[in-house]
Amino acid sequence: MNIELLKHIYFRLPVIVRLLLTIFIVMIAFGVVIHFVEPKQFPSVFLGVWWAFVTGATVGYGDIVPVTTTGRVIGILLILSGGGLLTFYITHISAATIQHEQDLSRGKVAFKANHHVILIGWNERTRQLVHLTKEHHPMVEIVLIDHTLSNLPYKQFPVHFIHGDASEDATLNRANIKTAKCVVIAADHTRKERQADHNTILTTVAVRGNNKDVPIIAEILSKSQIENAVRAGASTIIRSNDFMSVLLYHELFNRVDAEPYETILHLLSSQHFEQMDLPGELIGGTYQQAISYFLSEARLALGVIRDQDWQINPPADFKLHENDVLLTMSKQR
């Protein structure tokens with residue numbers, strides 16, 4: 001192995017590794033030299049290296065010291081060179097730590113873990129989603145992709161921020177899209193509805209192209225674009241405009257002194273909704289029997305889905321069929 005190849009390998013190493021390697025080489029070199037200069041004081045190379053590290057770090061235990069003039073000159077050179085190297089190494093580590101934290105808040109650091117949730121688009125909805133996820137599932141890792149934010153402090157928002165356009169493969173790869181557990185694409189409300197939906201669909205295509213199996217939850221604003229989002233690969237479509245319209249309708253024509261909007265938000269944040277196949281023992285039974293059955297499991301039956309027809313709170317004597325799907329609600333665990 002020639003010198004040029006060694007130089008090539010050395011200068012390709014990370015700066016911190018190079019500094020640490022240089023310190024070890026310098027300390028070992030001083031330890032070997034002092035061993036040969038004063039063999040009585042330093043009977044082994046290891047003792048010489050020990051003295052070199054203690055002296056270079058300016059700790060100075062004084063358990064073994066050079067007694068000859070030559071040995072003391074070597075000690076002076078060690079203090080001048082070794083102390084400077086160690087100080088520079090510690091300073092560089094501190095600077096690298098601060099730089100890494102700044103890069104993390106600016107979205108420049110790639111995500112390396114697996115089985116994480118990716119949120120695309122930062123707004124009040126995704127902010128609330130982060131809060132609810134951390135409250136009910138604190139162990140879930142969240143990666144946020146957004147191109148409008150300049151920085152996102154990790155201490156304030158415990159998510160891994162990736163700055164960039166989620167419709168680009170390079171950005172998705174930095175978010176480790178291939179091992180993601182789920183992807184949520186929020187609509188960009190700063191754009192017109194059609195433009196926002198086109199961006200959501202384009203992002204869905206990019207995500208599906210990089211991970212064919214990951215569930216994709218996409219927010220679509222206009223009803224006409226739902227089919228396109230499904231064709232693009234979205235697993236679930238959220239129609240936020242329709243949801244908000246229903247809430248506004250109930251608020252507008254509510255006849256009693258209540259707060260339906262806050263009630264819905266409380267239910268969504270504290271309850272777990274599930275669609276499940278009808279248990280065999282309930283086939284041929286009534287909806288009232290289903291209510292009693294699920295109450296024993298601390299669940300509340302909300303309705304039945306039959307042939308894509310949703311029947312919320314059907315009559316008590318409503319007969320249940322084999323292929324029915326039940327809607328249930330239970331407390332978050």
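Not measured: the values here are computed from a predicted model.
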Is it true that a side-chain atom of [X] and a backbone atom of [Y] form a donor plus acceptor pair closer than 3.5 Å?
{"X": "His115", "Y": "Lys181", "answer": "no"}
{"X": "Arg208", "Y": "Gly233", "answer": "yes"}
{"X": "Thr200", "Y": "Ala187", "answer": "no"}
{"X": "Thr55", "Y": "Ala52", "answer": "no"}
{"X": "Asn211", "Y": "Lys178", "answer": "yes"}
{"X": "Ser105", "Y": "Leu152", "answer": "no"}
{"X": "Arg174", "Y": "His163", "answer": "yes"}
{"X": "Asp324", "Y": "Val304", "answer": "no"}
{"X": "Gln275", "Y": "Leu326", "answer": "no"}

Of [options], which is the lone residue that meets side-chain contact (heavy atoms from CB on, under 4.5 Å) with [X]?
{"X": "Ile142", "options": "His160, Lys134, His137", "value": "Lys134"}
{"X": "Phe30", "options": "Val32, Val26, Val33, Ile28", "value": "Val26"}
{"X": "Leu119", "options": "Ile145, Val130, Val143", "value": "Val130"}

Work out which heavy atom in [X] is nearest to a heavy atom in [Y]; give both atom names and the distance.
{"X": "Leu320", "Y": "Ala290", "value": "CD1-CB, 3.9 Å"}
{"X": "Ala166", "Y": "Ala206", "value": "O-CB, 4.1 Å"}
{"X": "Gly303", "Y": "Pro314", "value": "CA-CD, 4.1 Å"}
{"X": "Ile64", "Y": "Trp51", "value": "O-CD1, 3.3 Å"}
{"X": "Ala180", "Y": "Ile118", "value": "CB-CD1, 3.7 Å"}
{"X": "Thr126", "Y": "Ala186", "value": "CG2-CB, 3.9 Å"}

Fit a plane to each ring of His116 and Phe111, take the angle between them on a 0 to 90° scale, and name the class: parallel (under 30°), tilted (30 to 60°) or perpendicular (over 60°). tilted
Cluster check [X], [Y]: I/L/V/M/F/W/Y, side chain < 4.5 angstrom:
{"X": "Val67", "Y": "Val73", "answer": "no"}
{"X": "Phe24", "Y": "Leu47", "answer": "yes"}
{"X": "Leu300", "Y": "Trp310", "answer": "yes"}
{"X": "Phe161", "Y": "Ile177", "answer": "no"}
{"X": "Val37", "Y": "Phe46", "answer": "no"}

A side-chain contact here means heavy atoms from C-beta on lying under 4.5 Å apart; do [X] and [Y] qualify?
{"X": "Phe294", "Y": "Pro279", "result": "yes"}
{"X": "Leu278", "Y": "Ile283", "result": "yes"}
{"X": "Met276", "Y": "Arg299", "result": "yes"}
{"X": "Arg239", "Y": "Ile226", "result": "yes"}
{"X": "His189", "Y": "Leu221", "result": "yes"}
{"X": "Ile238", "Y": "Thr236", "result": "yes"}

Test Ile217 against Val183 for side chain to side chain contact (heavy atoms under 4.5 Å, CB included), laying out the working first. CA-CA 6 Å; Ile217 303 170; Val183 177; over 6 Å; no
Within a radius of less than 6.0 Å around CD of Gln128, do more than 12 heavy atoms belonging to other residues, nucleotides or ligands occur? yes
Is it true that, when you exclude Glu322 itself, more than 12 heavy atoms of the residues, nucleotides or ligands shown sit nearer than 6.0 Å to its CD? no
In sequence, state the C-alpha distance, the side-chain angles, and the governing distance for Ile120 and Val207, and then conclude on side chain to side chain contact (heavy atoms under 4.5 Å, CB included). CA-CA 11 Å; Ile120 299 176; Val207 172; 4.1 Å; yes
As an exercise, state the distance from [atom1] of [X] to [atom2] of [Y], rounded to the nearest 0.5 Å.
{"X": "Leu282", "Y": "His321", "atom1": "CG", "atom2": "NE2", "result": "13.5 Å"}
{"X": "Leu129", "Y": "Asn123", "atom1": "CG", "atom2": "CG", "result": "10.0 Å"}
{"X": "Thr286", "Y": "Gln289", "atom1": "OG1", "atom2": "CD", "result": "3.5 Å"}
{"X": "Asp197", "Y": "Thr204", "atom1": "CG", "atom2": "OG1", "result": "10.0 Å"}
{"X": "Ile185", "Y": "Ser167", "atom1": "CD1", "atom2": "OG", "result": "10.0 Å"}
{"X": "Asn323", "Y": "Ile305", "atom1": "CG", "atom2": "CD1", "result": "13.0 Å"}

Side-chain donor-acceptor pair under 3.5 Å between [X] and [Y], yes or no?
{"X": "His198", "Y": "Arg191", "value": "no"}
{"X": "Ser222", "Y": "Glu193", "value": "no"}
{"X": "Gln311", "Y": "Tyr287", "value": "no"}

Using the side chain to side chain contact (heavy atoms under 4.5 Å, CB included) rule, take Leu327 and Ile312 through it: C-alpha gap first, then chi angles, then the decisive distance, then the call. CA-CA 8 Å; Leu327 301 174; Ile312 303 299; 3.6 Å; yes
N-O pairing of Asp309 and Arg306 below 4.0 Å: no
Run the salt-bridge test on Arg125 and Glu219 with the 4.0 Å N-O cut-off and return the result as yes or no. yes
Check step by step if side chain to side chain contact (heavy atoms under 4.5 Å, CB included) holds for Thr69 and Arg72. CA-CA 5 Å; Thr69 302; Arg72 290 172 177 172; 5.8 Å; no
